[in-house]
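Okay, handing you the structure first.
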Number of protein chains: 2
Amino acid sequence: MQTDVACSRLRELILDGVYPPGARLTEMEAAATLEMSRTPVREALRMLAADGLVRPAGRGVVVVALEEADLNEAYQVRAALEALTAELAAARQREGRIAPADLRTLHDVATRTATATAEGRLADAVRLNRRFHRTIAELAGNTMALQALERIWDQIQVSTLHSLMPPSRPAHVSGQHDELLAVITDGRHEAAAAIARAHVLDTRSTAHKEEHR
Amino acid sequence: MQTDVACSRLRELILDGVYPPGARLTEMEAAATLEMSRTPVREALRMLAADGLVRPAGRGVVVVALEEADLNEAYQVRAALEALTAELAAARQREGRIAPADLRTLHDVATRTATATAEGRLADAVRLNRRFHRTIAELAGNTMALQALERIWDQIQVSTLHSLMPPSRPAHVSGQHDELLAVITDGRHEAAAAIARAHVLDTRSTAHKEEHR
DNA sequence: AGGTCGAGCTTTGCATGCAATGTATGCAAG
DNA sequence: CTTGCATACATTGCATGCAAAGCTCGACCT
């Protein structure tokens, strides 16, 4: 149905930065762009608003623009949730409830992320990095946590896309990914939680510092 | 605007169990009940769906009915998030960034929760209990976390409302609340995180056991 | 020249109409 | 008696129309 089409296309446009944070967006304009009537666009905008990607602002909606403080909050939530998913994934691994193929996939994604980062393919790196974290969340087998994380990731992505820059220490990031991968593979759930949390918070503070130079 | 009216009224009806989990709900019927046209109702239903309170199911929507497994997942997420909010609240308290009046409010809510529970006023107890946890989340000063928690709480409430029964050990619950209150008041953030997490998970396993007798 | 009030246009919110789709029911055949 | 099919109906999805609410811009007054 057209509503879903509108929703996913608008989401893409926003996540790709075509509509940057703070951009105003009227339903008529969006309807014209997507070549459909206002009704499905309207519903799509409401869904995106519920997902926190846009915010009603007087006339029409604006793409969310998280301030630094909001980003800090978002990262705290993300850290808490990713600590959970990493812990659960490790616990499932310990109980032998994770298929070796899935684990290999995760390993593969980690490798490709590191390669893309090292080669400076920034867009790919971002996408793969997110995929790495999402794969872990999927291995955790907790749908609620995955959904909550998708929302947070979306919001963070929108508000940081404009200031993308290569990580200062690429090896550092992939080192952390490898560590995480290792403890999950070993089923050490407590360590997984701690490392995941630290990794997320480290990402934030590094990006944050970069920002202010 | 009518959309928001529809949204909050429907949310209330669902959270109060008027539309129990699994209930089918057509937009025409809801429109008739709320005495407005289908359009705002339609949008309201989509918002509720985005919040995870209803789920599109063929024709119309059904109120979510979390299975036991889903509830376990929900409680894991809730525990992770409440550990975060408790930790943040305690940290803010330590830094003297929480107004004494707010802390007294929290104390007051805890007391009233205990009273309502002890006196068997079940509906009040549930409402106050949720308020207690929400107040802590508010003290944490993290909007994202609060929003994520509201969603989880809503979903849990819907699916557990039908099986409400007095806690087996009322003193046990209010004891945990008091502990949490104490460590937050003392600004011991690590302890706050641990106690909050344990309390949430304890709530789950107790309710879960009750369920199966 | 600057501020304030007003008119017009843009845009939204809601209702309703129409077409399409999925479902249930009843009937007939095996 | 059960199963399969066809028909009719309930219900949704989308478009469009209409009224109300804001903004913008301009003109007039101070």
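This structure is a prediction, so every number in the text was calculated from the model and none was measured. Every chain is numbered from 1, with letters handed out A, B, ... down the list of sequences.
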Please state how far atom CE in M1(A) lies from atom P in dG22(C), giving the value in whole angstrom units.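 My rounded result for the distance is 10 Å.
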When the nearest nucleotide of DNA chain D is assigned to L25(B) and to E35(A) on a heavy-atom basis, which residue is associated with the more 5' position? L25(B)
Parallel, tilted or perpendicular for H133(B) and H199(B), by the 30°/60° rule? parallel
For G58(B) and R42(A), take the nucleotide of DNA chain C holding the closest heavy atom to each; which residue's nucleotide lies nearer the 5' end?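 In this pair, the answer is R42(A).
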Length of the CG-P vector between L45(B) and dT12(D), whole Å: 9 Å
Touch check for T26(B), heavy atoms < 4.0 angstrom, all strands: base, sugar-phosphate only, or nothing?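 Since only primed, P, OP1 and OP2 atoms lie under 4.0 Å of T26(B), the category is sugar-phosphate.
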Counting side-chain heavy atoms from C-beta on, which of dC14(D), dG22(D), dC14(C) comes nearest to Q2(B)?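 Nearest nucleotide to the side chain: dC14(C).
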So, does T39(A) get its side chain near the phosphate of dT16(D), meaning an N or O under 4.0 Å from OP1 or OP2? no
Nearest whole angstrom, please: distance from the P of dT12(D) to the CD of E43(B).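 Interatomic distance, CD of E43(B) to P of dT12(D): 15 Å.
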So for atom CD, which belongs to E95(A), do other residues, nucleotides or ligands contribute more than 12 heavy atoms lying within a distance under 6.0 Å? yes
Please figure out whether P40(B) or G60(A) has its closest DNA chain C nucleotide nearer the 5' end.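 It is G60(A) whose nearest nucleotide is closer to the 5' end.
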Could you tell me whether the side chain of Q2(B) reaches within less than 4.5 Å of the side chain of T39(B), counting heavy atoms only? no
Could you state the CZ-P distance from R38(B) to dG13(C), rounded to the nearest angstrom?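 After rounding, the reported distance stands at 18 Å.
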Between dC14(C) atom P and E27(B) atom CD, what is the distance in whole Å? 15 Å
What integer distance in Å separates M36(A):CE from dT16(D):P?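 From M36(A) CE to dT16(D) P: 13 Å.
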Within-4.5 Å side-chain heavy-atom neighbours: L146(B) and R134(B):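 Yes. Closest side-chain heavy atoms under 4.5 Å.
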Can you list everything that forms a side-chain contact (heavy atoms from CB on, under 4.5 Å) with A80(A)? Sequence neighbours excluded, please. L84(B)
Counting just side-chain N and O atoms, does T3(B) come under 4.0 Å of either OP1 or OP2 of dG13(C)?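 So the side-chain polar atoms of T3(B) never come under 4.0 Å of the phosphate oxygens OP1 or OP2 of dG13(C).
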Could you tell me the separation between the CZ atom of R59(B) and the P atom of dA20(C), rounded to a whole number of Å?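 Taking CZ of R59(B) and P of dA20(C), I get 15 Å after rounding.
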Measure CE/M28(B) against C1'/dC18(C) and give the value in whole Å, please.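 In whole Å, dC18(C) C1' lies 13 Å from M28(B) CE.
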